2 protein chains.
Amino acid sequence: MTNPNDLESFQFKKNDTVSLRQFVYQEIREAIIKGHLEPGARLREVEISKQMNVSRGPIREAIRILEQEGLVISHPYRETVVVDLSEEEVIHLLVPTRRHFELFAAQKAVSVLTADDFAFLDNIILNMQEASDQDDLDRLSNLDLKFHERIVEQCVSPAMFRIWNSISGKLHARFLIQGYSHSSLQTVVEEHREMLQLIRSGDKERIEQHLQTHIK
Amino acid sequence: MTNPNDLESFQFKKNDTVSLRQFVYQEIREAIIKGHLEPGARLREVEISKQMNVSRGPIREAIRILEQEGLVISHPYRETVVVDLSEEEVIHLLVPTRRHFELFAAQKAVSVLTADDFAFLDNIILNMQEASDQDDLDRLSNLDLKFHERIVEQCVSPAMFRIWNSISGKLHARFLIQGYSHSSLQTVVEEHREMLQLIRSGDKERIEQHLQTHIK
DNA sequence: CCAAAATAGATTGTTGACAATCTACAAATG
DNA sequence: CATTTGTAGATTGTCAACAATCTATTTTGG
């Protein structure tokens with residue numbers, strides 16, 4: 001039944017890099033978020049162009065997205081550099097706003113998430129536990145992001161998802177550089193486990209409470 | 001002393017349209033916000049290109065900004081259309097988030113705004129009163145936007161200002177289409193007058209109260 | 001007649017060449 | 001010597017041609 005030469009039993013990996021612009025955008029974004037490009041670093045179009053073997057058109061479009069996203073700032077005819085965010089804005093604007101979006105999404109999630117979504121989220125929790133056991137901060141941080149990303153993307157319009165994504169991207173960049181000052185990794189895992197349980201149970205009141213109490 | 005041929009007594013108007021991309025972006029954005037392009041309307045690159053007499057490069061870059069801003073959505077190789085936002089997201093995400101940003105900005109404003117800023121804001125209030133007296137909704141709406149824009153832009157980083165701007169743009173588009181359901185125009189003017197007075201007085205507590213009570 | 005395959009037209013994606021602007025430094029001017 | 005003016009090189013902005021992809025229509029094969 002499962003013939004290796006039979007396409008019914010085999011699937012090629014989907015190429016989700018639909019365009020060069022998308023590819024360039026993701027590459028630069030990841031470099032910034034993972035800290036390979038630090039705040040103040042300059043982005044030269046021709047330099048990137050040569051490194052990626054792509055013309056400047058798609059690169060310029062990617063830069064426009066990154067600029068509107070707020071990861072980069074362009075000075076006309078001069079240069080574009082990676083931004084630096086103030087501690088105050090991160091704490092008083094970005095963090096509460098992200099919370100607000102995730103609360104809204106979690107409450108919608110009660111009636112929106114499918115069995116597939118829950119399976120995906122359960123799997124993330126499993127991986128988080130592993131990462132926590134191995135003290136793997138980087139992996140845990142990535143799983144954290146993926147967890148909320150799935151929920152928000154399913155429960156909110158593309159325009160709203162873009163806002164959440166731009167905010168969480170900037171926060172993620174921050175945390176990776178600062179090195180996660182959480183009380184304990186195990187706590188992070190537990191919190192996500194509880195949240196998922198609350199969504200399953202459908203108790204919107206307690207979802208709000210849960211997110212309110214964890215605004216440290 | 002004031003010789004008309006002497007540059008010391010004369011200043012040329014500053015050209016702030018730095019690039020075609022910027023021009024195209026502003027034009028399309030205004031068309032969407034003012035309702036000349038309704039939700040679902042399609043944007044064709046060549047069509048815009050001919051109308052504006054600009055090549056497709058700058059137009060594509062402008063579209064990338066509008067897309068990340070959430071005013072437009074692109075389907076690869078297919079089309080890009082003006083977005084339509086859900087009532088629920090506008091009320092539960094956009095409005096409170098904008099309030100949050102404006103509260104943060106207003107509190108910073110106490111120690112940031114200059115005499116120039118206050119003069120500018122005073123003048124806006126004067127114009128608002130005029131607009132209110134003449135029942136000019138459109139003008140009042142524009143002044144409202146400019147009022148908060150000035151405060152937020154002065155008190156927040158460029159990256160944060162972009163987020164606020166994308167949110168207020170979407171809300172502005174909404175209100176222009178729906179036609180402002182405020183209790184009365186005069187109330188709007190009064191609220192802004194009070195807010196400016198509170199910033200001048202430097203009472204951050206009451207600024208928070210003021211914005212909290214006006215979250216209708 | 002229906003379904004799969006081929007085709008044509010429209011639209012978006014990509015490219016390389018050329019233009020405009022900036023910075024830094026050199027030359028001229030007083 | 002200080003200030004202005006004029007280069008040269010680097011970098012970003014713009015353009016027009018070409019390539020890839022999508023949609024709708026037509027053709028083909030059964």
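No experiment lies behind these values; they were computed from the predicted model shown. Here is how names work: the chains are called A, B, and so on, in the same order as the sequence lines, proteins then strands, and each is numbered from 1. No hydrogens, no waters, no symmetry mates; every other heavy atom, side chains included, goes into these values.
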In whole angstroms, how far is the [atom2] atom of [N] from the [atom1] atom of [X]?
{"X": "Ile59(A)", "N": "dG16(C)", "atom1": "CD1", "atom2": "P", "result": "11 Å"}
{"X": "Arg56(A)", "N": "dG13(C)", "atom1": "CZ", "atom2": "P", "result": "19 Å"}
{"X": "Leu20(A)", "N": "dT12(C)", "atom1": "CG", "atom2": "P", "result": "18 Å"}
{"X": "Arg60(B)", "N": "dT15(C)", "atom1": "CZ", "atom2": "P", "result": "11 Å"}
{"X": "Arg21(A)", "N": "dT15(C)", "atom1": "CZ", "atom2": "C1'", "result": "15 Å"}

Hey, is [X] close enough to [Y] for a salt bridge, meaning N to O under 4.0 Å?
{"X": "Glu149(A)", "Y": "Lys146(A)", "answer": "no"}
{"X": "Glu67(A)", "Y": "Arg162(B)", "answer": "yes"}
{"X": "Arg193(A)", "Y": "Asp122(A)", "answer": "no"}

Roughly how far, to the nearest 0.5 Å, is [atom2] of [Y] from [atom1] of [X]?
{"X": "Arg60(B)", "Y": "Ile63(B)", "atom1": "CZ", "atom2": "CD1", "answer": "7.5 Å"}
{"X": "Glu130(B)", "Y": "Ile125(B)", "atom1": "CD", "atom2": "CD1", "answer": "13.0 Å"}
{"X": "Gln26(B)", "Y": "Ile33(B)", "atom1": "CD", "atom2": "CD1", "answer": "11.0 Å"}

Contact span of DNA chain D against chain B, any nucleotide atom under 4.0 Å from a heavy atom, 5' to 3', runs dG13(D) to dT23(D)
His100(B) and His92(A): aromatic ring centres closer than 6.0 Å?
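Centroid distance His100(B)-His92(A): not below 6.0 Å, so no.
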How is Gly57(A) classified with respect to the nucleic acid when contacts are heavy atoms under 4.0 Å: base, sugar-phosphate, or nothing?
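Base, at least one base atom sits under 4.0 Å.
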Looking at every strand, decide which applies to Leu43(B) at a 4.0 Å heavy-atom threshold: base, sugar-phosphate, or nothing.
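Sugar-phosphate, no base atom in range.
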Contact list please: residues 75-82 of chain B against DNA chain D, heavy atoms, distance less than 4.0 Å, in numerical order.
Tyr77(B), Arg78(B)
Going by side chain to side chain contact (heavy atoms under 4.5 Å, CB included), name the residues that satisfy it together with Ser157(B), two or more places apart in sequence or in a different chain.
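Result, side chain to side chain contact (heavy atoms under 4.5 Å, CB included) vs Ser157(B): Glu89(A), Ala159(B), Met160(B).
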